[in-house]
Amino acid sequence: MQIQLDTQPYASIPGDALVTYVFDKENKFDGVLGDIDRAMNGRLGSLAASGELTGKALELVLIHFPEGLAAQRLLLVGAGKPEKFAVSDLRKIAGTALRHLKSRGAKKLIFLTREGEREPAAAQAVVEGLIAGDFESDKYRTEKKDREVQSVALAGFDAGLGANLTAAIDQGRILGESQNFARDLILEPSNRLTPRMLAAKAEAMAKEVGLGIEILDERKITELKMGALIGVAQGSVEPPRVIVLRYTPKNAPAGGPVLGLVGKAVTFDTGGISIKPAANMEKMKYDMGGGATMLGAMRALAFLKPSVPVIAVIPATENMPGGRAQKPGDVQVAMSGKTIEVINTDAEGRLILADGVFYARKLGCTHLIDAATLTGAIEVALANVHVGAFGTPREYLDKFLESAKAAGEKMWPMPMDEEYEQMIKSDIADIRNTGSGKGGGASTGAWFIKEFAEDTPWIHLDIASTCWVDEGRPWQAKGPTGVALRSIVDFALKM
Ligand code: BES
Ligand code: MN
Ligand code: ZN
């Protein structure tokens with residue numbers, strides 16, 4: 001999909017549809033909307049009066065052969081109440097419009113921003129929304145829908161903004177494409193994406209965008225004594241891998257911060273000996289979503305070049321109940337030396353993250369973010385609305401939540417009180433991998449990881465319920481979402 005700035009008057013740009021947006025209860029159209037209304041002899045006014053055009057969020061009104069426009073159709077997307085509107089809402093508006101028009105066979109679109117949204121950030125949001133909205137998951141269908149939006153012209157922007165505007169459009173494209181890169185990986189079934197295959201894909205991506213890469217194989221993993229990761233991997237015939245990606249900025253000052261991104265990549269989670277029920281088990285192919293998110297974030301950072309060095313550490317394994325699998329009650333020694341009583345082999349994500357987080361610190365990371373499809377409990381707490389965001393110290397988490405807001409990704413701060421730490425004390429080892437007692441499953445999971453982050457500023461994103469959606473949304477196809485990537489990239493760029 002080509003996306004380019006078009007500085008011609010919007011009314012004379014030909015195409016299958018021109019898209020713009022209308023605010024809630026906006027009955028006196030002004031600016032470009034006033035012009036469009038006048039050219040159509042007040043048709044928008046009559047649509048508003050009849051109640052068909054209300055401007056409520058993501059309402060769609062499609063008008064064919066609009067007078068005064070060179071485009072074949074005019075699509076008006078509801079923008080909701082103006083006092084609630086933020087530039088980041090343009091993502092959903094653009095994504096919704098693209099999906100609606102694509103399903104109707106439109107190939108050439110014009111997106112017209114209104115007078116209030118003509119800064120570079122608006123262009124970036126529109127581009128991100130268009131590219132993310134274009135994602136489709138029919139890779140393994142032999143008969144594809146041959147629908148494709150070929151081009152989108154961005155109209156309304158002032159060419160005088162020049163380089164800033166083109167940079168914002170590029171950034172939007174990089175973010176949207178990196179998000180879709182992560183979503184492609186998340187969609188892959190486990191027979192087509194084993195830990196070794198994931199490592200190979202990471203390697204190809206790193207070569208393409210110019211990141212440093214090292215793949216730790218089972219020998220190296222054993223040599224490093226990553227006992228928690230090995231404990232999970234030993235139940236499978238597929239060997240584990242640890243993917244290490246490095247972004248090194250030019251002239252990074254010595255002794256400055258180094259950001260570590262640690263992603264859970266369980267390419268399939270059967271639960272191990274504590275095996276999962278059959279219903280919905282197929283979903284566990286997306287248990288590598290945290291790792292994919294970090295790969296996508298690194299891809300974006302390779303282009304966007306923050307001033308902070310970034311290292312991604314992605315432990316990748318299957319969780320299988322093979323003959324050599326670890327069993328409930330087994331004690332494993334993590335790379336850090338801490339001993340872990342494995343109460344439930346299905347709480348495997350925290351085990352592999354224990355070694356991932358510790359190894360990231362060994363490599364010199366001074367600040368950490370991990371992303372993981374860690375617990376079913378986070379779905380009970382937040383449904384598929386918010387990512388559960390944990391972290392210490394609190395100020396570090398709060399900074400991150402600002403980035404989430406800027407990126408338009410919903411995240412909710414979750415508690416890290418010491419009472420949760422008490423729940424992972426073991427009778428025979430240093431810690432146990434599940435909480436004792438009832439409830440708080442997402443927080444005990446987070447505390448387990450913190451045992452290995454210790455005092456390093458650390459954020460944990462539980463994306464178990466937000467990494468994949470079972471139902472499509474107007475702006476987003478069902479399936480993998482790529483959530484958290486944009487927030488992480490925003491945070492790294494501001495660090
Ligand atoms: N991968 C799962 C968590 C998950 C559940 C992700 C649903 C996506 C959708 C994780 O490894 C897991 O099994 N967690 C257990 C932990 C429990 C045994 C303490 C859970 O949440 O049930
Ligand atoms: Mn599990
Ligand atoms: Zn899992």
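In listed order, ligands and their atoms are each counted from 1. For this chain, numbers begin at 1 and follow the sequence in order.
Close approach of ligand 1 to Glu348 (heavy-atom distance below 4.0 Å) involves ligand atoms 11 (O). For ligand 1, the atoms closer than 4.0 angstrom to any heavy atom of Arg350 are 16 (C), 19 (C). Atoms of ligand 1 lying under 4.0 Å from any heavy atom of Met284, numbered from 1 in the order shown and given with element: 1 (N), 6 (C), 7 (C), 8 (C), 9 (C). Applying the 4.0 Å criterion to heavy atoms of Ala464 picks out, from ligand 1, the atoms 6 (C), 8 (C), 9 (C). Atoms of ligand 1 found under 4.0 Å from any heavy atom of Thr434, numbered from 1 in the order shown, are 19 (C). Close contacts between ligand 1 and Lys264 involve ligand atoms 1 (N), 10 (C), 11 (O) [criterion: under 4.0 Å to a heavy atom].
Closest to atom 12 (C) of ligand 1, if we only count protein heavy atoms, is Asp346 O, 3.2 Å. From the protein, the heavy atom lying nearest to atom 18 (C) of ligand 1 is Asn344 ND2, 3.5 Å. Scanning all protein heavy atoms for the shortest distance to atom 2 (C) of ligand 1 gives Asp269 OD2, 3.6 Å. Considering only non-hydrogen protein atoms, atom 22 (O) of ligand 1 sits nearest to Gly376 N, 4.4 Å. Atom 10 (C) of ligand 1 has as its closest protein heavy atom Leu374 O, 3.3 Å.
Arg192 has its side chain within reach of Tyr140: a pair of non-hydrogen atoms, C-beta onward, lies under 4.5 Å apart. In this structure, the side chains of Leu75 and Val77 come closer than 4.5 Å at one or more pairs of heavy atoms. Residues Ile488 and Thr293 form a side-chain contact, since some pair of their non-hydrogen atoms from C-beta on lies under 4.5 Å apart. Residues Ile431 and Ser426 form no side-chain contact, since every pair of their non-hydrogen atoms from C-beta on lies 4.5 Å or further apart.
In summary, Ala372 places no N/O/S atom under 2.8 Å from the Zn ion (ligand 3), failing the contact criterion. Taking backbone and side chain together, Asp287 holds no N, O or S atom under 2.8 Å from the Mn ion (ligand 2).
Aromatic ring centroids of Tyr396 and Phe491 lie under 6.0 Å apart. Ring pair Tyr420/Trp447: centre-to-centre distance not below 6.0 Å.
Cation-pi contact between Lys450 and Phe390: absent, since separation from the ring centre below 6.0 Å together with deviation from the ring axis within 45° is not met.
The side chain to side chain donor-acceptor pair (under 3.5 Å) with Ser274 is formed by just one residue from the set Thr345, Asp346, Asn319; it is Thr345. Each of Val489, Leu175, Ile174 was evaluated against Phe303; a single residue qualifies, Ile174, per the side chain to side chain contact (heavy atoms under 4.5 Å, CB included) test. With respect to Glu136, the side chain to side chain donor-acceptor pair (under 3.5 Å) criterion is satisfied by exactly one of Lys102, Lys144, Arg99: Lys102.
At a heavy-atom cutoff of 4.0 Å, ligand 1 is contacted by the side chain of Lys276 but not by its backbone. Of all the heavy atoms of Met288, none lies under 4.0 Å from any atom of ligand 1, so neither backbone nor side chain is involved.
Geometry about the Zn ion (ligand 3) gives an angle of 90° between OD2 of Asp269 and OD2 of Asp287, rounded in steps of 10 degrees. Vertex the Mn ion (ligand 2); arms to Asp346 OD1 and Glu348 OE1; angle rounded to 10 degrees, 120°. Considering the Zn ion (ligand 3) as centre, the angle to NZ of Lys264 and to OE2 of Glu348 is 90° (10° rounding).
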_Set out, in order, the CA-CA distance, both residues' side-chain angles and the distance that settles side chain to side chain contact (heavy atoms under 4.5 Å, CB included) for Met205 and Leu295, then state yes or no._
CA-CA 9 Å; Met205 183 275 283; Leu295 286 176; 4.2 Å; yes

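Its N, O or S atom nearest to the Mn ion (ligand 2) is what matters here, and for Asp269 that atom is OD2.
The closest approach between a heavy atom of Tyr286 and any atom of ligand 1 is below 4.0 Å.
Between the Gln234 side chain and the Arg324 main chain, a donor and an acceptor come within less than 3.5 Å of each other.
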